[in-house]
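One structure is given here, and the rest of the page talks about it.
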Amino acid sequence: MTKVDLVEDGGRWTLTLDDPDRRNCLDEAMCRELGEAVATVAGDPDARTLVVTGAGSAFCAGADLPALFGDTGRPVAEVREHLHRVYESFLGLRKLRIPTVAAVQGPAVGAGFNLAMACDVRVAGPRASFAATFTRIGLHPGGGCTWFLVDALGPQKALALLLDGGTLDAGTAVREGVALRVAEDPVAAAHELAARWAAVDPALVRDIKRAVGIARTGDFGATLEFESWAQASTATGEEIQRAVERFRRR
């Protein structure tokens, strides 16, 4: 049974976790297929956008706990290596040069929360939730969760959420900057965003995404340097030159 459905339409890709009976949890097969799907999108020179969602009532219920932590006889180093394979299945999304949108229609738990956060933008459905429940099962956060939450919430709120093993509902996620907006149909709303962004020059989109990535490090000088190069490279484009001509005719 295929657990990841990947569809392309004119450069706009859609990736759907498709194991609703298990709430799209990240078991071995799901992780393998997820990583392969992300690699397929990365290898498409005509890719413009990617929407990531889940089938059924859950976005992703997190990792397969028995598979990851059920064998208590394994050395810590072996467990760590296994964890990295799970992490890489979804963290490959962060390396994509195109905009990625998570359409979170239901619970995103643990590693599923990380999967959503690995996308550039999140659209939440009314029944969406974002759960960092690691401490509730005596587990340290993994998969980039600490970084994602500090980046989105700041260190104080991130620490409190992680220590509480807390959950953000859709409205709270938007207010706190974890999600962009709430939509009754988050998949349709995600595709609306993707359609708009796919219509923008792909080189411009790529450079804006890179500029935002540099800016989030807090280095103003590095951001300014990249912006100056990227803006100069677009200065001879047809669209900006049409704007120049309109300005001249005023």
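When a residue number appears, it is its place in the shown sequence, counting from 1. Computed from a prediction, not measured in an experiment: that's the story for all the values here.
The cluster map of Ile, Leu, Val, Met, Phe, Trp and Tyr, joined by side-chain heavy atoms under 4.5 Å apart, puts Val51 and Leu91 in different clusters. Tracing side-chain contacts under 4.5 Å through hydrophobic residues (I, L, V, M, F, W, Y), one reaches Leu115 starting from Trp147; they form part of the same cluster. In this structure, Val109 is not a member of the same hydrophobic cluster as Phe69, with clusters built from ILVMFWY side-chain heavy atoms closer than 4.5 Å. A single hydrophobic cluster is not seen to contain both Val200 and Ile240; linkage of ILVMFWY side chains at heavy-atom distances under 4.5 Å, directly or through other members, places them apart. Linking ILVMFWY residues whenever their side-chain heavy atoms come closer than 4.5 Å, directly or via other members, leaves Val123 and Leu50 in distinct clusters.
More than 12 heavy-atom neighbours from other residues, nucleotides or ligands sit within 6.0 angstrom of CG on Asp185. Atom CZ of Arg74 is surrounded by more than 12 heavy atoms from other residues, nucleotides or ligands within 6.0 Å. For CD of Gln241, the number of neighbouring non-hydrogen atoms (other residues, nucleotides, ligands) closer than 6.0 Å is greater than 12. Under a cut-off of 6.0 angstrom, the local environment of CD in Glu245 is crowded, with over 12 non-hydrogen atoms contributed by other residues, nucleotides or ligands.
A side-chain donor from one of Arg175 and Thr172 sits under 3.5 Å from a side-chain acceptor of the other.
With rounding to the nearest 0.5 Å, the separation of CG in Leu149 from CZ in Phe130 is 11.0 Å. Interatomic distance, Leu162 CG to Lys157 NZ, rounded to the nearest 0.5 Å: 14.0 Å. Note that the CD1 atom of Ile214 and the NZ atom of Lys209 stand 13.0 Å from one another [nearest 0.5 Å]. Note that the CG atom of Leu168 and the OG atom of Ser129 stand 9.0 Å from one another [nearest 0.5 Å]. Note that the CZ atom of Arg32 and the CD atom of Glu28 stand 8.0 Å from one another [nearest 0.5 Å]. Considering CZ of Arg48 and CH2 of Trp197, their distance stands at 15.5 Å, rounded to 0.5 Å.
Under the 4.0 Å criterion applied to side-chain N and carboxylate O atoms, Arg85 and Glu81 are assigned as salt-bridge partners. Residues Lys3 and Asp18 are not paired through a salt bridge, judged by the lack of any N-O separation under 4.0 Å between the basic side chain and the carboxylate.
Pro126 and Ala183 make their closest contact through CD-O, 3.3 Å (heavy atoms, listed as atom of the first residue, atom of the second, distance). Considering all non-hydrogen atoms of both residues, Ala55 and Pro20 come closest at O-CB, 3.8 Å. The heavy-atom pair separating Leu93 from Ala118 by the smallest distance is CB-O, 3.9 Å. Smallest separation of non-hydrogen atoms from Ala128 and Val104: CB-O, 3.1 Å. Between Arg122 and Val178, the shortest heavy-atom contact is NE-O, 2.5 Å. Nearest heavy-atom pair across Thr2 and Glu33 is CG2-OE1, 3.4 Å.
Taking the six-membered ring for Trp and thresholds of 30 and 60 degrees, His84 and Tyr87 have ring planes more than 60 degrees apart, a perpendicular arrangement.
Side-chain contact check for Leu204 versus Thr234: some heavy-atom pair is nearer than 4.5 Å. At least one side-chain heavy atom of Leu159 sits less than 4.5 Å from a side-chain heavy atom of Leu163. Side-chain contact between Leu26 and Leu34 is present, with heavy atoms from C-beta onward closer than 4.5 Å. Between Val187 and Thr14, every side-chain heavy-atom pair lies at or beyond the 4.5 Å cut-off. The closest side-chain heavy-atom distance from Arg23 to Cys60 is not below 4.5 Å.
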For residues 94-103, run the donor-acceptor check on the side chains, cut-off 3.5 Å, and write out each pair with its distance to 0.1 Å, sequence neighbours left out.
| residue | atom | partner | partner atom | Å |
| --- | --- | --- | --- | --- |
| Thr100 | OG1 | Asp120 | N | 2.9 |
| Thr100 | OG1 | Asp120 | OD2 | 3.1 |

Notebook entry, point to check: Can you list the steps and then say if Phe90 with Val38 is a side-chain contact (heavy atoms from CB on, under 4.5 Å)?
Noted result: CA-CA 8 Å; Phe90 57 82; Val38 174; over 6 Å; no

Notebook entry, point to check: Going through the checks in order, is the side-chain contact (heavy atoms from CB on, under 4.5 Å) test met by Asp44 and Trp13?
Noted result: CA-CA 10 Å; Asp44 176 14; Trp13 288 87; 2.9 Å; yes

Check: Does the pair His140 and Phe134 meet the rule for a side-chain contact (heavy atoms from CB on, under 4.5 Å), with working shown?
Finding: CA-CA 6 Å; His140 192 284; Phe134 298 94; over 6 Å; no

Item checked: salt bridge (charged side-chain N to carboxylate O under 4.0 Å, His left out) evaluation trace for Asp169 with Arg127 -> CA-CA 8 Å; Asp169 62 24; Arg127 291 165 293 282; over 6 Å; no

Next item on the list: Let me see the working for Leu193 and Val121 under side-chain contact (heavy atoms from CB on, under 4.5 Å), right down to the final yes or no.
Entry: CA-CA 10 Å; Leu193 288 174; Val121 172; 4.3 Å; yes

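Exactly one of Asp164, Thr167, Leu139 qualifies for a side-chain contact (heavy atoms from CB on, under 4.5 Å) with Thr133. That residue is Thr167.
Judged by distance alone, with hydrogens and angles left aside, the side-chain atoms of Gln105 form no donor-acceptor pair with the main-chain N or O of Thr53 at under 3.5 Å. In this structure, the side chain of Thr135 engages the main chain of Gly165 through a donor-acceptor pair within 3.5 Å. Not a single donor-acceptor pair under 3.5 Å links the side chain of Asp19 to the backbone N or O of Met30. Of the possible donor and acceptor atoms, none in the side chain of Asp9 sits under 3.5 Å from a partner among the backbone N and O of Arg12.
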